[in-house]
Amino acid sequence: MKKFIALVLAMTMVFSMAVVASAESTTTLTTTVPAATYTLNIPADAVVPFGQQYTTLGNITVTDGSGFASGKNVEVTVTYDAFKPDSADISTTIPFSFVITRGAQDQTDATVGAGSGHKASGSTFTFAGKVDGSIAEKELITGYTGSSMTYEYLNAVGIYVASENWGKALAGNYTATITFTAKVVAEQ
Amino acid sequence: MKYRSSILCKIVNIVILATVCLTIPVGAFAAGTTTLKTSVPSNHTIYLSIDGQGTVVIEGKRYSKSANISINRHNEPFVEIQAAKDYYIRSVTYNQENITHLFNNGEWTMPKIETDVSLSVVFVKDSGNPPTGDTFNLWIMVLLTASMLGLIVCVLNTRNSKLI
């Protein structure tokens, strides 16, 4: 009996020591990254008057953003092609370029014109995610004037049709489509 | 054999997963389109302005006073200008540009019509004044020249007679 009790005590001691030697505790942290949601606002359909070189269409904005963060942005890609004739009998197209106007953040009456920048098909516009989870409504375009940094915002988009491109076109009706594709991207 | 295929499957799965992670952006796509429409007219207007007495013939049709003329797009209209009796062509302006010098015997072919254009012709009554617009009378100039020549001849004659 004594031997048995001694054995039990010895084992208890050994096991308790082993537990102490390999003691480990963990804290498990879990989080959920919410899906970013937003509303992409693009210009409405429009009729372009014959011969007009600059046509203001409106602006590209992103609103109602949630689930964003600094470095988690929305990138909008603009693709387009020339005006194509509605009838197969017409052999001409009317090329144009997508143009943008920059300016102060609070400017509301911006239009495109001679000073506007031209953007090739496939150009992208980045709307920055904010620390508070929302997203910038307008694209911020930074640049330099001399040695000082400048901050301008995308205020208007439109199209430019060169006068000679109007001139070459045969009579008839034409249609063009501008596609805006948005996706949430993380800065590398 | 089974063990090998299981390892191969895992490797393939890892490669596929890595590829998907690189190409799929964070979040979902959204796309929208803006449709633009335009119409190119089949006719354009020549805004013809005539000042004074004379006729302008465009594509065979005669005009003696101002008119708006419809012309097919991309046509190159032939223009003839004829001043009335005792009138001359003072100026021809095409889209605000003076093109009087381009007229050969009162004829000219317009460039390809790609938009509405304006053609303005001014006829002026020929009152003997030079068509340059100079108001100095030509006859007075002739008389003055003749007088000067006569004076020179007189002076020379007087000198010669003194020498004899």
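With chain B as partner, the option from A:E75, A:K168, A:Q52 having the largest number of non-hydrogen pairs under 4.5 angstrom is A:K168.
Atom CE of A:M149 has more than 12 neighbouring heavy atoms from other residues, nucleotides or ligands inside a 6.0 Å radius. More than 12 heavy atoms of other shown residues, nucleotides or ligands fall within 6.0 angstrom of atom CG in B:N68.
B:R62 has its side chain within reach of B:Q82: a pair of non-hydrogen atoms, C-beta onward, lies under 4.5 Å apart.
Interface remark: A:F180 contributes backbone and side-chain atoms alike to the contact with chain B (heavy atom separation under 4.5 Å). Proximity to chain B is absent for every atom of A:I90, based on heavy atoms less than 4.5 angstrom apart. Contacts of A:P85 with chain B are absent, with no heavy-atom separation under 4.5 Å from either backbone or side chain. Contacts between A:A44 and chain B at a heavy-atom distance below 4.5 Å involve the backbone alone (N, CA, C, O).
The residue from A:Y160, A:Y54, A:F83 that alone fulfils the ring pair (Phe, Tyr, Trp, His ring centres under 6.0 Å) condition with A:F96 is A:F83.
B:W108 and B:F78 have their aromatic ring centers separated by at least 6.0 angstrom.
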